[in-house]
Amino acid sequence: MRNEAASGFVKYIRAALFGVLAGIIGMVMPLVLFLPILFAYIGRTLNKKSILVSFIVFIALSYLRYNFAGMAMLLVFCLPGAAAIMFVHKRKYGAFDSIMCSMLGISLSFALGALLLGIYIGGNPFIAVVDYVGRAINLTLGQSPDIFIDNWYTSFSVNVMEQQSGFFDLSQFMPALSTPKITGLETIDRAFKISYLVDVFKQSFTQALPTVIAFCIMIPGFANYTAFRTLAKKSGAEVGSMPSFDNFRLPRSFLKGAGMLFVASIVMMIFDAAGYGSFSVVFFTVMNIISFVFAIQGLSILDFLLKRKKLPAPLRVLLGIVAYLVLSQSQILFFIGLLCQIFDIRKMISEFGNGRNNL
């Protein structure tokens with residue numbers, strides 16, 4: 001009887017420690033996106049009473065660190081993603097379907113989080129985020145030396161003048177750049193320069209915000225599922241199939257879908273340039289997402305080649321990160337991934353290698 005009581009006490013202590021860990025992670029904002037891994041693991045490994053203990057500890061710490069609204073936001077950001085991971089694990093879906101469901105859970109978290117934030121502040125949450133970034137930039141620039149402000153203002157102004165003199169007029173999509181005040185830079189006061197730079201940064205951030213949100217959905221969605229799958233597999237649970245990264249392939253239908261999105265975004269850009277709406281954000285977001293996904297497939301080809309050279313996994317990961325940082329701006333990885341979608345490059349490389357070995 002004592003042994004059973006002691007065993008139950010240890011389980012509750014373990015559950016409380018999980019709650020403390022979740023609370024600590026919830027205090028570090030970028031890590032909140034990965035809370036679904038921990039909550040899915042808690043839901044899978046603990047019994048109902050222990051899960052309740054973990055949640056009580058987590059809610060208490062979140063309430064003490066923030067307030068009721070902050071606690072609700074944390075729950076909204078972690079529970080849908082955890083539920084999606086546990087659902088695909090139970091159904092034993094394939095890798096692509098599982099990752100897409102995990103991303104859908106993160107998307108639901110963002111949607112509910114934006115809804116709660118909008119209710120809490122009584123306005124548009126995205127405008128509030130952009131305004132917050134603008135105030136932070138204004139504070140940073142206000143504390144910067146004059147030479148820094150002058151160089152940035154000159155750089156942006158001259159760059160805009162060059163853009164407007166060419167085929168692509170950047171000011172169509174960023175109104176703050178339409179009147180850069182090129183002449184008499186030395187006579188313009190510091191307050192105007194800071195105001196101009198803040199407007200530029202705010203509109204640049206507005207253009208990039210949907211892409212940032214998309215990446216914050218895709219990357220944690222993939223990482224949450226793969227990490228939970230690894231933990232479940234190590235504990236002896238049966239998991240769905242998942243190919244190694246060097247054999248990563250997008251579905252054949254993805255190319256058609258990406259092409260349709262690209263054509264639709266081009267049409268939106270034409271309407272944007274004609275003054276029938278503001279669709280440039282859609283175009284840039286679609287292009288960034290498509291480029292990123294095909295670049296990942298391009299990295300898988302690189303990993304395939306490095307694996308054929310029998311390089312160890314840690315070195316392959318390091319070289320992959322370096323390759324992405326160096327080549328991502330040149331779109332080389334995007335084109336490699338696109339070619340891989342059209343042609344079976346792995347098969348061609350394997351057949352070429354086998355042919356050389358037979359000579």
Side-chain angles (χ1 to χ4, degrees), residues 88 93-107 208 210-226 229 240-270 279-309 311 313 316-356:
V88 297
Y93 286 161
F96 185 80
D97 292 337
S98 298
I99 292 170
M100 291 303 294
C101 285
S102 179
M103 290 180 184
L104 183 62
I106 301 293
S107 302
T211 302
V212 172
I213 293 175
F215 285 172
C216 288
I217 290 172
M218 291 189 296
I219 295 174
F222 172 78
N224 287 343
Y225 169 71
T226 52
R229 181 183 178 277
S241 61
M242 186 172 185
S244 58
F245 182 66
D246 64 289
N247 200 34
F248 169 74
R249 287 181 174 87
L250 293 167
R252 287 294 177 186
S253 58
F254 183 84
L255 184 60
K256 294 180 181 178
M260 293 173 64
L261 284 174
F262 177 74
V263 171
S265 62
I266 289 292
V267 172
M268 290 181 181
M269 284 290 288
I270 294 174
F279 302 104
S280 57
V281 174
V282 177
F283 173 79
F284 289 120
T285 303
V286 170
M287 289 302 299
N288 286 333
I289 292 174
I290 292 175
S291 298
F292 176 75
V293 173
F294 279 121
I296 296 300
Q297 184 159 263
L299 280 177
S300 73
I301 294 295
L302 175 62
D303 190 60
F304 173 78
L305 294 172
L306 295 175
K307 196 171 184 179
R308 283 174 61 88
K309 297 294 184 180
L311 294 181
R316 297 204 313 270
V317 171
L318 178 61
L319 291 175
I321 293 173
V322 172
Y324 182 80
L325 294 176
V326 173
L327 301 177
S328 59
Q329 295 297 322
S330 63
Q331 298 297 322
I332 292 176
L333 290 174
F334 163 75
F335 286 111
I336 294 175
L338 182 61
L339 288 174
C340 182
Q341 191 71 9
I342 300 172
F343 307 103
D344 194 344
I345 294 180
R346 292 178 182 83
K347 184 178 180 181
M348 295 168 61
I349 294 173
S350 299
E351 289 178 351
F352 178 75
N354 293 334
R356 290 187 62 184

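FYI, the numbering just counts along the sequence from 1.
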Participant: Any donor-acceptor pair under 3.5 Å linking the side chain of Ser102 with the backbone of Ser98?
Facilitator: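 No, Ser102 side chain to Ser98 backbone: no donor-acceptor pair under 3.5 Å.
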Participant: Please walk me through it: do Leu255 and Leu250 pass side chain to side chain contact (heavy atoms under 4.5 Å, CB included)?
Facilitator: CA-CA 8 Å; Leu255 184 60; Leu250 293 167; over 6 Å; no
Participant: If you take all heavy atoms of Cys216 and Ile106, which pair is closest and at what distance?
Facilitator: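 Heavy-atom minimum between the residues: O-CG2, 3.8 Å.
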Participant: Do side-chain atoms of Ser300 reach the backbone of Gln297 as a donor and acceptor pair under 3.5 angstrom?
Facilitator: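 Yes; judged by distance alone, with no hydrogens or angles, the pair exists.
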Participant: Do you know the tightest heavy-atom contact between Ile289 and Ala214?
Facilitator: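 Scanning both residues, the minimum pair turns out to be CD1-CB, 3.5 Å.
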Participant: Would you say that more than 12 heavy atoms from the other residues, nucleotides or ligands in this model lie under 6.0 Å from the CZ of Phe222, or not?
Facilitator: no
Participant: Using a 6.0 Å cut-off, check whether atom CZ of Phe215 has over 12 heavy atoms from anything other than its own residue.
Facilitator: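 Enclosed: over 12 neighbouring heavy atoms sit under 6.0 Å from CZ of Phe215.
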Participant: How far apart are the closest heavy atoms of Cys340 and Ile301, and which atoms are they?
Facilitator: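 Scanning both residues, the minimum pair turns out to be SG-CD1, 3.5 Å.
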Participant: Show the nearest heavy-atom pair for residues Val88 and Cys101, with the distance to one decimal.
Facilitator: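 That would be CG1-CB, 3.3 Å.
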Participant: May I ask you to test the Lys309-Leu305 pair for a side-chain heavy-atom distance under 4.5 Å?
Facilitator: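 No, every pair of side-chain atoms sits at 4.5 Å or beyond.
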Participant: Any side-chain heavy atom of Val293 within less than 4.5 Å of one from Ile296?
Facilitator: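 No; the side chains remain at least 4.5 Å from each other.
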Participant: Residues two or more places apart in sequence or in another chain: which of them pass ring pair (Phe, Tyr, Trp, His ring centres under 6.0 Å) with Phe334?
Facilitator: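 Residues passing ring pair (Phe, Tyr, Trp, His ring centres under 6.0 Å) with Phe334: Phe294.
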Participant: Which atom pair, heavy atoms only, marks the closest approach of Ala323 to Leu302?
Facilitator: CB-CD2, 3.5 Å
Participant: Apply ring pair (Phe, Tyr, Trp, His ring centres under 6.0 Å) to Phe248 and list each qualifying residue two or more places apart in sequence or on a separate chain.
Facilitator: none
Participant: With sequence neighbours left out, what residues match Leu319 under side-chain contact (heavy atoms from CB on, under 4.5 Å)?
Facilitator: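 Listed in chain order: Leu306, Leu311, Leu315.
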Participant: Could you grab the distance from atom CE of Met103 to atom CD1 of Ile219, nearest 0.5 Å is fine?
Facilitator: 9.0 Å
